[in-house]
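Below you'll find the structure, written out as structure tokens, and then a few comments.
Since the structure is predicted, the reported quantities are computational estimates derived from the model, not experimental observations.
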Amino acid sequence: MFLSRLQLEHFRNYRELDLSFRAPVTLVQGRNGQGKTNLLEAVYYLATSKSRHVRTEREAVDRAAADEPIPYARIRGEVLRGEESTTLEILFTLRGDGLNYTKQARVNGAPRRSMDLIGHLRAVLFLPEDLTLVAGSPSERRRYIDVALCQIDRGYCQALSRYQKVVTQRNSLLKQLQEREQGDSAAVAAELGFWDDQLIELGTQVYTRRHAYLADLAPIARRAHAELSGQQETLSLLYLPSFNTGLYSELAYQRLRDGEEVEADGLARQEVDAAMIGQRFRERLEERRSVELKAGSSLYGPHRDELVFLVNGWNLRAYGSRGQQRTGALALKLAELQAMAEATGEKPILLLDDVMSELDAQRRGALLGALSDVRQGIVTTTDWAQFSADFQMAAQRIHVVAGTAAPAPAGM
Ligand SMILES: Nc1ncnc2c1ncn2[C@@H]1O[C@H](COP(=O)(O)OP(=O)(O)OP(=O)(O)O)[C@@H](O)[C@H]1O
Ligand SMILES: [Mg+2]
């Protein structure tokens with residue numbers, strides 16, 4: 001797939017933009033704060049209907065536009081797939097409350113749910129902060145898997161969003177029960193029973209899908225990582241649930257949780273049996289009923305799971321150097337790109353936000369390799385000199401200043 005045109009109105013610091021993409025690689029240069037990330041965000045919005053940075057729709061709309069009589073923002077893109085062209089659009093309009101914005105999606109002009117945008121344009125976005133994924137918090141790593149999976153599996157996205165609602169509902173019930181401090185365990189069990197069933201059913205779906213995704217990613221990431229580390233290190237990517245679902249030996253599970261070295265054969269991965277997982281999940285909830293009641297929140301399930309990186313059996317988060325952690329994150333990112341291409345039969349668009357400057361020559365080479373392998377890449381930089389003359393010659397070069405983008409003049 002190829003994004004041939006991007007139009008923005010009042011999106012972030014872009015009042016009006018109409019950009020056509022022609023070359024496999026677009027190189028976007030601009031000084032700090034001029035709109036490079038915003039440009040990639042707009043493309044990413046069309047792909048995922050979400051943003052990596054913007055927390056509310058309101059932040060997507062140009063601050064200056066908020067004072068206009070009818071404030072709005074629009075992102076529109078044209079995607080080419082073979083002979084077929086699809087127009088995707090997201091429109092942000094002010095709600096009746098005069099404060100918040102709603103998001104409306106359109107595909108070829110027809111209104112659609114924002115979830116239905118997914119699949120028309122697939123993108124892998126690589127931000128400098130992704131390089132700290134290994135050292136970051138578990139919630140960042142969960143979010144990472146979720147965003148990647150949602151683009152290739154709409155069913156997953158639906159199950160996940162239902163699961164998250166169930167967790168919220170169940171938490172508020174646990175909190176109420178905690179405040180009531182009542183001892184009638186039969187009544188408690190009955191009230192919680194309904195939410196337990198939901199939690200187990202949806203949680204098992206989320207778990208098994210994430211587990212399978214990690215199993216797909218792991219060998220690809222391992223190869224990428226071996227290459228990046230000069231065949232010196234072996235990367236294992238593991239999905240570590242919030243309780244032992246039976247896929248790890250009890251010893252291996254405990255050691256993984258504690259961040260201790262793990263024997264490779266302790267990790268023998270069986271086929272995931274959803275019924276077995278569901279059963280374990282139920283047993284766990286029953287065993288820990290009083291603990292959850294005391295905590296007043298749901299302590300088990302995919303919202304508490306972890307993604308673990310091991311290098312030669314050692315936990316990369318606990319023991320890796322900064323450089324090793326970054327290599328692990330880069331390997332994961334390269335694996336995500338390839339896994340998405342394999343799962344969908346199409347190469348996604350690669351969006352690189354000023355990451356080259358963060359990498360040494362060898363890792364930069366790996367990323368340039370990935371870039372030459374996709375049909376379309378959009379790369380931002382503050383400094384043209386980061387790219388060779390040949391690379392620049394082959395690329396479409398765009399210069400961004402204060403929310404305007406124009407072809408870069410020769411010799412810049
Ligand atoms: N809703 C908004 N309305 C208007 N301007 C906005 C809005 N949100 C962000 N901006 C502006 O956009 C600019 C930042 O753009 P962006 O993050 O794309 O910069 P950048 O070129 O990636 O910079 P850097 O090189 O520092 O990463 C800032 O000047 C910021 O104030
Ligand atoms: Mg930026």
Side-chain angles (χ1 to χ4, degrees), residues 48-60 95-103 113-115 118 136-147 149-150 153-211 239-245 257 274-275 277-307:
T48 63
S49 83
K50 293 190 188 74
S51 156
R52 280 286 300 270
H53 288 117
V54 178
R55 278 151 305 162
T56 67
E57 271 74 47
R58 186 184 166 76
E59 289 174 26
R95 283 196 189 156
D97 64 8
L99 264 181
N100 297 299
Y101 285 79
T102 46
K103 205 166 51 179
R113 294 178 308 169
S114 46
M115 201 178 270
I118 294 171
S137 68
S139 66
E140 286 168 52
R141 286 183 288 277
R142 283 191 293 271
R143 189 176 136 78
Y144 174 81
I145 305 178
D146 290 339
V147 171
L149 252 179
C150 272
D153 189 342
R154 203 178 296 183
Y156 174 79
C157 226
Q158 282 159 347
L160 177 70
S161 111
R162 286 174 61 204
Y163 176 77
Q164 285 163 339
K165 287 185 187 124
V166 168
V167 172
T168 309
Q169 301 267 23
R170 192 173 179 272
N171 283 349
S172 78
L173 177 60
L174 283 167
K175 191 139 263 127
Q176 282 174 33
L177 293 170
Q178 181 195 42
E179 279 157 14
R180 254 189 264 162
E181 275 186 53
Q182 42 100 4
D184 182 356
S185 55
V188 173
E191 244 179 300
L192 267 180
F194 172 77
W195 293 111
D196 284 359
D197 291 347
Q198 299 275 312
L199 191 79
I200 292 165
E201 193 199 315
L202 294 163
T204 302
Q205 284 180 37
V206 170
Y207 169 81
T208 50
R209 189 66 187 90
R210 283 190 191 163
H211 189 280
Y239 191 70
L240 187 67
S242 54
F243 58 95
N244 191 1
T245 51
R257 283 215 76 96
I277 305 289
Q279 181 56 31
R280 290 273 182 148
F281 201 167
R282 187 172 296 283
E283 284 165 17
R284 186 69 177 186
L285 294 182
E286 281 162 9
E287 269 166 37
R288 299 299 168 102
R289 180 75 78 217
S290 61
V291 183
E292 284 202 314
L293 281 168
K294 207 164 160 207
S297 77
S298 301
L299 302 177
Y300 307 100
H303 64 293
R304 290 289 186 106
D305 290 354
E306 245 293 34
L307 169 61

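- With rounding to the nearest 0.5 Å, the separation of CZ in R113 from NZ in K103 is 13.0 Å.
- Of the inter-residue distances, the one linking L192 atom CG with L174 atom CG reads 5.0 Å to the nearest 0.5 angstrom.
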(request) Kindly indicate, with the supporting measurements, whether the criterion salt bridge (Lys or Arg N to Asp or Glu O under 4.0 Å) is fulfilled by R209 and D153. (result) CA-CA 9 Å; R209 189 66 187 90; D153 189 342; 2.5 Å; yes
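- Annotation: side chain of R95 is not in contact with side chain of Y101 (no heavy-atom distance under 4.5 Å).
- With rounding to the nearest 0.5 angstrom, the OG1 atom of T208 is 7.5 Å from the CD1 atom of I277.
- Side-chain atoms of T245 do not come within 3.5 Å of backbone N or O of P241 as any donor-acceptor pair.
- A side-chain N or O of R288 and one of Y300 form a donor-acceptor pair less than 3.5 Å apart.
- Under the side chain to side chain donor-acceptor pair (under 3.5 Å) criterion, R143 pairs with no residue at all, not counting sequence neighbours.
- Panel note: side chain Q205, backbone A159; no donor-acceptor pair is recorded below 3.5 Å.
- Side-chain N/O atoms of E140 and S137 include a donor and acceptor closer than 3.5 Å.
- In this structure, R141 contributes its side chain and G136 its backbone to a donor-acceptor pair below 3.5 Å.
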(request) List the steps, then state whether side-chain contact (heavy atoms from CB on, under 4.5 Å) holds for I118 with T48. (result) CA-CA 6 Å; I118 294 171; T48 63; 5.6 Å; no
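- Geometrically, R284 does not engage F243 in a cation-pi contact defined by less than 6.0 Å to the ring centre and at most 45° from the axis.
- A donor-acceptor contact shorter than 3.5 Å is absent between the side chain of K175 and the backbone of A295.
- Aromatic ring centres of F281 and Y207 lie farther apart than the 6.0 Å criterion allows.
- Rounding to the nearest 0.5 angstrom, the gap separating the CG atom in L199 from the CD atom in Q169 is 12.0 Å.
- From E201, atom CD reaches atom OH of Y163 across 12.5 Å, with rounding to the nearest 0.5 Å.
- Under a cut-off of 6.0 angstrom, the local environment of CZ in R162 is sparse, with at most 12 non-hydrogen atoms contributed by other residues, nucleotides or ligands.
- Residues I200 and L285 form a side-chain contact, since some pair of their non-hydrogen atoms from C-beta on lies under 4.5 Å apart.
- Using a 4.5 Å cut-off on side-chain heavy atoms (C-beta onward), L293 and Q178 make no contact.
- Checked by atom type and distance alone, the side chain of D146 never pairs as donor or acceptor with a backbone atom of L149 at under 3.5 Å.
- A distance-only check finds no donor-acceptor pair linking the side chain of S49 to the backbone of M115 [under 3.5 Å].
- The aromatic rings of H211 and Y239 sit perpendicular, their planes meeting at an angle over 60°, well past the 30° parallel limit.
- Between D196 and R282 there is no salt bridge, since no side-chain nitrogen of the basic residue lies less than 4.0 Å from a carboxylate oxygen of the acidic one.
- Taken to the nearest 0.5 Å, the OG1 atom of T168 stands 12.5 Å off from the CG atom of L173.
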(request) Take N171 and S298 through the side chain to side chain donor-acceptor pair (under 3.5 Å) test and state the conclusion after the steps. (result) CA-CA 6 Å; N171 283 349; S298 301; 2.9 Å; yes
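- Between the R210 side chain and the P302 main chain, a donor and an acceptor come within less than 3.5 Å of each other.
- Salt bridge status for R257 with E306: absent, with no side-chain N to carboxylate O gap under 4.0 Å.
- A donor-acceptor pair under 3.5 Å links the side-chain atoms of R142 to the main chain of D305, judged by distance alone.
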